[in-house]
Trainee: 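My structure is below; once you've seen it, I'll send some questions.
As a basis for the values below, the full set of heavy atoms in this structure was taken, side chains included, without hydrogen atoms, waters or symmetry mates. Protein chains get the first letters and strands the later ones, always in sequence-line order, with residue 1 at the start of each. The model shown is predicted, which means the values in this text are computed figures rather than measured ones.
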Amino acid sequence: MTMLKIENLHAEVGGREVLKGINLTVKAGEVHAVMGPNGSGKSTLSYVLAGRPGYEVTKGKVTFLGQDLLALAPEGRAAAGMFLAFQYPVEIPGVSTTMFLKTALNAVRKARGEKEFSPVDFLKLQKEKMAQLGMDAEMLKRGVNVGFSGGEKKRNEALQMAMLAPKLAILDETDSGLDIDALKVVAEGVNALRSKDRAFLVITHYQRLLKHIKPDIVHVLADGKIRKTGGPELALELEDKGYAEYTGDAALRAGDKSI
Amino acid sequence: MPIAPETLLDKKYEAGFVTEIESDRAPKGLSEDIVRLISAKKDEPEWLLAQRLKAYKHWLDMPEPRWAKVSFPPIDYQDAYYYAAPKTATKPKSLDEVDPKLLETYKKLGIPLREQEMLAGVAVDAVFDSVSVATTFREKLADAGVIFCSISEAVRKYPELVQKYLGSVVPYTDNKHACLNAAVFTDGTFVYIPEGVRCPMELSTYFRINEAKTGQFERTLIVAEKGSYVSYLEGCTAPMRDENQLHAAVVELIAMEDAEIKYSTVQNWYPGDENGKGGIYNFVTKRGICKGARSKISWTQVETGSAITWKYPSCILQGDDSVGEFYSVALTNNYQQADTGTKMIHIGKNTKSRIISKGISAGHSNNTYRGLVRISGRAENARNFTQCDSLLIGHECGAHTVPYIENKNMSAMLEHEASTSKIGEDQLFYCRQRGIGEEGAVALIVNGFCREVLQQMPMEFAVEAQKLVAISLEGAVG
């Protein structure tokens with residue numbers, strides 16, 4: 001079943017065209033990796049899909065589970081089953097993670113015409129998901145992401161994803177700011193969610209995340225377009241050769257930390 | 001109409017008054033005669049009339065306070081009624097006649113239908129429910145020895161107490177608004193907690209039922225004797241139907257040795273429309289004195305209404321080891337103006353005060369925190385902690401913080417923290433990506449910002465106050 005279909009997608013940020021005709025089809029059960037050098041439009045793609053204000057679609061079409069995705073508000077896309085794990089999760093002081101999650105979950109359920117969670121059911125679910133991610137309950141009492149370490153923030157994203165159980169999860173540079181242990185935990189969280197009904201779009205600069213979250217299909221995004229599509233071996237090739245082939249700049253090597 | 005038992009007592013005077021001037025309101029304007037009329041209508045003792053007249057004479061020459069960051073055209077005091085607001089004549093006969101916007105808000109707050117009728121000022125005959133509920137509460141309070149009645153009733157029944165304390169914390173000379181109140185106050189509340197008594201209930205529940213009669217010039221006096229405790233909630237989360245533009249209330253609190261008074265306010269008077277037309281001028285003088293050692297006064301306020309709020313609930317920390325607290329949320333939207341804060345006057349030794357102020361500005365509004373911390377020469381080891389946070393929503397509003405500190409004792413410890421932030425687009429998007437709509441997201445973020453203050457409120461009101469914050473911000477984004 002086709003979950004997401006992107007056709008000739010063009011988008012601008014601040015009047016500058018960043019996406020220049022993306023075509024991409026994601027089927028249920030698949031894990032797609034979108035790799036590319038800095039400035040290629042990776043994060044823009046994730047924001048455009050999630051509906052971030054200021055990211056203007058100028059051309060093209062996106063269909064998500066049969067719906068015109070671009071016609072939906074960000075919260076409508078969430079209710080339809082789209083989740084974006086942020087590269088830089090945002091702090092919300094004074095709002096506990098529990099409160100935030102409960103509000104989000106019930107808002108989504110309400111939008112879908114489902115019954116809201118009772119506090120007891122909610123807490124039960126939260127406890128279960130926390131345990132899976134090896135998270136400390138104390139974290140839930142603090143303000144959302146306030147004073148969290150990089151690893152805690154990403155774990156919190158994974159928790160939210162597990163709770164919201166989306167149809168399509170977009171992971172935007174989830175590996176950035178993570179040490180290897182945290183990376184493993186987050187990857188395990190993602191892997192635990194893999195199922196035939198769910199798809200993932202993993203956006204990353206480096207190959208290292210893909211060692212832990214094995215993609216079915218790998219795309220190379222450069223200068224606003226998908227330049228190449230292949231299997232997992234493509235990621236390894238990129239690790240080895242960098243993005244020079246796609247950018248014409250030998251300095252832009254995938255593994256180069258100085259970028 | 002909703003009437004508490006004590007106002008039934010006033011009925012005869014009202015009737016007498018009606019025959020006299022053939023109307024249920026005094027003529028427009030303020031004069032010595034009007035002051036005398038108010039006093040006569042309430043059948044007041046001579047001393048109180050004398051006090052009113054003294055205040056009135058003083059008021060004539062008193063300048064209006066001009067230091068607040070608010071602007072409004074000069075008030076024409078002669079163009080207002082000072083007695084008997086137009087009541088029966090304009091009362092809606094049923095909720096069908098009430099502004100649907102008001103009803104919508106009641107619904108969102110989850111106010112029961114009967115209470116909606118009262119709040120909207122519907123002329124219902126069958127208020128027996130509330131009267132009997134009020135009576136039950138009253139009996140329970142009486143068993144504990146607590147006096148809780150209208151100020152008019154207190155003047156008649158407990159003249160010594162009233163005479164002793166009325167005007168003792170806020171003298172009529174304090175400021176022009178308080179002075180006006182001293183001259184023309186028409187109703188209000190009196191609370192007396194005897195020595196060692198812990199008031200058996202939040203005085204809020206009762207008050208909400210009584211709420212509809214609160215007037216334009218309210219006067220509240222609370223006396224907590226040695227070792228007693230009382231928690232009092234004034235106001236209501238539901239917006240009030242009200243024709244009076246100027247509200248000048250006075251609240252006085254007196255806490256004796258080891259006594260504690262917790263005073264919470266939810267103020268949601270009509271703020272004016274989206275263009276800044278209309279709305280209440282809320283000019284309130286609230287002050288408490290911690291008279292005895294180890295006494296404590298705690299003010300909590302959630303201010304979301306009124307076109308202009310001018311209000312500084314204060315504590316005079318006279319007793320050694322006494323404690324003053326001020327927790328405030330002031331929210332302004334559209335063209336509202338709020339200049340609010342507190343004064344903590346440290347006189348006794350080891351006195352402590354804590355100020356937490358959260359200002360939220362949206363639309364074209366202006367929101368100012370203004371606070372004074374004064375440490376007198378003999379206040380050894382006094383301590384104050386002040387935290388003022390401002391949150392801005394949009395580009396047209398203003399947040400201002402004006403802290404004054406006067407310290408005459410080098411052993412004092414004073415801390416001041418302040419912050420100003422904006423609701424970020426990134427915060428909003430984050431919430432929306434998780435499925436929370438824009439207005440829900442703003443409400444969530446703002447409630448998070450106010451959490452420290454809201455958690456000071458009595459439980460049932462904290463929940464309503466949260467909803468109120470959300471409702472007050474509707475239309476502030478997008």
Trainee: Hey, which residues of residues 67-81 of chain A are touching chain B, say heavy atoms under 4.5 Å apart?
Mentor: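 A/Ala73, A/Pro74, A/Glu75, A/Ala78, listed by number.
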Trainee: When the aromatic ring centroids of B/Phe429 and A/Tyr55 are compared, is their separation below 6.0 Å?
Mentor: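 Ring centroids of B/Phe429 and A/Tyr55 are no less than 6.0 Å from each other.
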Trainee: What pairs with B/Lys296 under side-chain hydrogen bond (donor to acceptor under 3.5 Å, both in side chains), at least two apart in sequence or on another chain?
Mentor: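 Listed in chain order: nothing, the list is empty.
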Trainee: Taking atom types as modelled, find out whether B/Ser298 and B/Glu325 have a side-chain donor-acceptor pair closer than 3.5 angstrom.
Mentor: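 Distance-only check passes for B/Ser298 and B/Glu325.
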Trainee: Which residue out of B/Cys431, B/Ser421, B/Gly435 racks up the most heavy-atom pairs below 4.5 Å with chain A?
Mentor: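 Highest number of pairs under 4.5 Å: B/Gly435.
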Trainee: Say whether, by atom type as modelled, one donor and one acceptor occur between the side chain of B/Thr309 and the main chain of B/Ser306 under 3.5 angstrom.
Mentor: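 Absent.
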Trainee: Would you say the side-chain atoms of A/Glu12 and A/Thr58 include a donor-acceptor pair closer than 3.5 Å?
Mentor: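 Their side chains do not contain a donor-acceptor pair, so the 3.5 Å distance test is not met.
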Trainee: Does one side chain, of B/Gln456 or B/Ser264, offer a donor that lies under 3.5 Å from an acceptor on the other?
Mentor: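 Side-chain D/A pair, B/Gln456 to B/Ser264: absent.
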Trainee: Among residues 100-112 of chain A, which residues come closer than 4.5 Å to chain B, judged by heavy atom distances?
Mentor: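 Only A/Phe100, A/Thr103, A/Ala104, A/Ala107, A/Val108 of residues 100-112 of chain A have a heavy atom under 4.5 Å from chain B.
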Trainee: Could you go step by step and tell me if B/Trp299 and B/Phe326 meet the ring-ring contact (aromatic ring centres under 6.0 Å, His included) rule?
Mentor: CA-CA 5 Å; B/Trp299 298 99; B/Phe326 174 74; 8.2 Å; no
Trainee: Is a donor on one side and an acceptor on the other found under 3.5 Å between the side chain of B/Glu417 and the backbone of B/Thr386?
Mentor: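 Here the side-chain-to-backbone pair does not exist.
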Trainee: If you compare all heavy atoms of B/Ile360 against all heavy atoms of B/Asn367, which two are closest, and at what distance to 0.1 Å?
Mentor: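 Nearest pair, atom of B/Ile360 first, then B/Asn367: O-ND2, 3.1 Å.
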Trainee: Report the residue from B/Asp389, B/Thr342, B/Asp339 that forms a side-chain contact (heavy atoms from CB on, under 4.5 Å) with B/Tyr369.
Mentor: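 Passing option: B/Thr342.
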Trainee: For the residue pair B/Tyr335 and B/His364, does the interplanar ring angle fall in the parallel (under 30°), tilted (30 to 60°) or perpendicular (over 60°) class?
Mentor: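 Parallel, since the angle between the ring planes stays under 30°.
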Trainee: Would you mind checking which part of B/Phe449 comes under 4.5 Å of any heavy atom in chain A, side chain (CB onward), backbone (N, CA, C, O), both or neither?
Mentor: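 Contact with chain A is through the backbone of B/Phe449 alone.
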Trainee: Output the option from B/Gln427, B/Arg432, B/Arg434 having the highest count of non-hydrogen pairs under 4.5 Å with chain A.
Mentor: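 Result: the option with the highest number of such pairs is B/Arg434.
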Trainee: Checking side-chain polar atoms at under 3.5 Å, does B/Lys286 have a donor or acceptor matched by the opposite partner on B/Gln301?
Mentor: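 No - no donor-acceptor pair under 3.5 Å links their side chains.
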Trainee: Rounded to the nearest 0.5 Å, what separates atom CZ in A/Phe64 from atom OG1 in A/Thr2?
Mentor: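 Reported value, rounded in 0.5 Å steps: 12.5 Å.
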Trainee: With a strict 4.5 Å heavy-atom criterion, list every residue of residues 142-173 of chain A that contacts chain B, or say none.
Mentor: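 Answer by number: A/Val144, A/Asn145, A/Glu157, A/Gln160, A/Leu164.
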Trainee: Which one of A/Thr63, A/Thr25, A/Leu45 satisfies the side-chain contact (heavy atoms from CB on, under 4.5 Å) criterion with A/Ile6?
Mentor: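 The side-chain contact (heavy atoms from CB on, under 4.5 Å) with A/Ile6 is passed solely by A/Leu45 among A/Thr63, A/Thr25, A/Leu45.
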